[in-house]
Novice: 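I'd like to ask you about the structure that follows.
Ligands are counted one by one from 1 in listed order, and the atoms in each one are counted from 1 as well. Residues: numbered from 1 along the sequence shown. Predicted model, so just to flag it, every value in this text is computed and none were measured.
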Amino acid sequence: MSSNGSKYIQGSTGPWEIVIGLEVHAQILSNAKLFSGAATEFGAEPNSQVSFVDAAMPGMLPVINKKCVEQAVRTGLGLKAKINLFSVFDRKNYFYPDLPQGYQISQYKSPVVGEGEVLIDLPNGETARVGIERLHMEQDAGKSLHDQHPDHSYVDLNRSGVALMEIVSRPDMRSSEEAAAFLKKLRAIVRYLGTCDGNMDEGSMRADVNVSVRKPGAPLGTRCEIKNVNSVRFVGQAIEYEARRQVDILESGGTITQETRLFDSRAGETRSMRSKEEAHDYRYFPDPDLLPLVLEQAWVDNIAASLPELPDEKRARFIAMGLSAYDATVLVAEKESADYFEAMLAAGADAKASANWLNNEYFGRLNKAGLAISDGPVAAAANSAIVQMVSGGVISGKIAKDVLDIVWAEGSDPRTIVESRGLKQVTDTDAIETAVDAVIAANPDKVAAAQAKPQMVGWFVGQVMKSTGGKANPASVNAILKKRLGLPEEG
Ligand code: ADP
Ligand code: MG
């Protein structure tokens, strides 16, 4: 983005606004394909999950998979969208070696899900709304393999017929950060719902990125569509590159031609694939092998009643418990983090203290070790016990970090560690007084300095904490020091 923090690009003729709309393909979580019973597992032997329907053998008929429809409806409800009780499957006709039918079954004029919305959480703490235009179901194509043989290409039809949801946003995003936030939020929502695993590196989620630029307040500019971008980071890079490219063309007197482009992640640039003139005419028509899809409102209502708590609602509930908006946003971003946090509360820890502890200590250690929360070595109950020992004055905040390190490395129970290694906080006034007196006696020069400059007391606190192995209660140390040095109690 521009260095002044605004979301405009600075060109030689002044600021330009970026306009972005995304078309996200999300693979439906289902054991079988959209119109066949073949399996959908990732990473299987090529062509081991292909039914006669997926291979488009003559005379085969598609049969709709109810589970896939349920997943699409569930996703629509999660996007607060209108569910269309009547929708139609169309044939989208084109030739491609990995598309044996010669057409893709998709939904065109009558999609199963209509308008909805996604609220996105921006890095500056603000929330923005991105409109959803529609969600429709369609088949995925197979995959051509060009790297298996020097002279031949092979085709793997395992993905052929796999159910996808295409989720189309309104052109409501204005920066690469907003587009990244949208993708992350959408991914979180489908993961909470269990309708897509959201694994972009396995191709379960990929985005077509539409980008245009305009002078602030001007009508929408001509867009280019960057196909099949497969990571959040690449989406950001593709937008930055593409917007700059368009601004440069417009400022040197050129015009943007609507076209399809691809993102070369190695070069970090977008390149033309085909112009609008070369665009396919897909000759959409309703698939004669399939009846219109008619849903019953009661069936939709049942799905609605079974929806889990979604990130926005969870975030609101966490804020009501006293968490900051920032902490709540971080915790709900991944369902596993939110569940972990709630497990800490269920084990007895305070909400705010637990959120602080996770965001300041535990998540940092997980990041550093490159571990997902589900692979972390410390159980929620153990972190809960550490937080409770701090709140209860059993250990100091400093010792708590050491205890976490020990539990991390050794996997033992934090209360046992504190007990057996004598890490309990010293609140016994006699013991602290003894330690304070020893430090004062050893540093007569510093005593005079502290009496002249009361901020010096911090140095004494540090010495006493050191001599007690970090176990003295810092508030007691402070109070006793001030009394012994003859300093005022407050300030
Ligand atoms: P088409 O039917 O040609 O695919 P759509 O109107 O469905 O076009 O839009 C496809 C995507 O492009 C949507 O995500 C939409 O938000 C986005 N889009 C439309 N117009 C613009 C524009 N001027 N700039 C950026 N994105 C746009
Ligand atoms: Mg479209």
Novice: One residue to check: Val19. Relative to ligand 1, which of side chain, backbone, both or neither has a non-hydrogen atom less than 4.0 Å away?
Specialist: both
Novice: Can you list the atoms of ligand 1 that are under 4.0 Å from a heavy atom of Leu220?
Specialist: 23 (N)
Novice: Taking the basic N atoms (NZ, or NE/NH1/NH2) and the acidic carboxylate oxygens, is any pair closer than 4.0 Å for Asp197 and Arg191?
Specialist: no
Novice: Just to be sure I read this right, does ligand 1 sit under 4.0 Å from the backbone of Glu133, its side chain, both, or neither, counting only heavy atoms?
Specialist: side chain
Novice: Would you mind running through ligand 1 and noting each atom that sits below 4.0 Å from a heavy atom of Val168?
Specialist: 13 (C), 14 (O)
Novice: Below 4.0 angstrom from a heavy atom of Arg170, which ligand 1 atoms are there? Numbered from 1 as shown, please.
Specialist: 16 (O)
Novice: Name every donor-acceptor pair, under 3.5 Å, that has one atom in a side chain of residues 373-383 and the other anywhere in the protein, sequence neighbours excluded.
Specialist:
unit_1, atom_1, unit_2, atom_2, d
Asn383, OD1, Trp357, NE1, 2.8
Asn383, ND2, Tyr340, OH, 2.9

Novice: When you compare ligand 1 with Pro171, is there at least one nitrogen or oxygen pair between them that comes in under 3.5 angstrom?
Specialist: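 N/O-N/O distance under 3.5 Å: yes.
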Novice: Any side-chain to backbone donor/acceptor pair from Asn93 onto Tyr282? Under 3.5 Å, distance only.
Specialist: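 The answer is yes, because a donor-acceptor pair under 3.5 Å joins these two groups.
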Novice: Could you see which bit of Thr222 sits under 4.0 Å from ligand 1, with heavy atoms only: side chain, backbone, both or neither?
Specialist: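 Neither; no heavy atom under 4.0 Å.
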Novice: Could you work out, for atom 17 (C) of ligand 1, the closest of Leu22, Asn210, Ile18 by heavy-atom distance?
Specialist: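 The residue whose heavy atom sits nearest atom 17 (C) of ligand 1 is Asn210.
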Novice: Under 4.5 Å between any side-chain heavy atoms of Val19 and Val211, yes or no?
Specialist: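 No, side chains not in contact.
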Novice: Assess the side chains of Ser324 and Lys352: does a donor N or O sit below 3.5 Å from an acceptor N or O?
Specialist: no
Novice: Kindly determine whether Asp90 and Lys109 satisfy salt bridge (Lys or Arg N to Asp or Glu O under 4.0 Å), including the steps that lead there.
Specialist: CA-CA 8 Å; Asp90 297 281; Lys109 291 214 170 110; over 6 Å; no
Novice: With salt bridge (Lys or Arg N to Asp or Glu O under 4.0 Å) as the test, pick out the partner of Lys7 among Glu178, Glu240, Glu177.
Specialist: Glu178
Novice: Can you sort out which atoms of ligand 1 are near Gly221, meaning under 4.0 Å from one of its heavy atoms?
Specialist: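 Reading through ligand 1 atom by atom, the close ones are 23 (N).
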Novice: Among Glu225, Arg223, Arg134, which one has a heavy atom closest to atom 20 (N) of ligand 1?
Specialist: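 Considering heavy atoms of Glu225, Arg223, Arg134, the nearest to atom 20 (N) of ligand 1 sits in Arg223.
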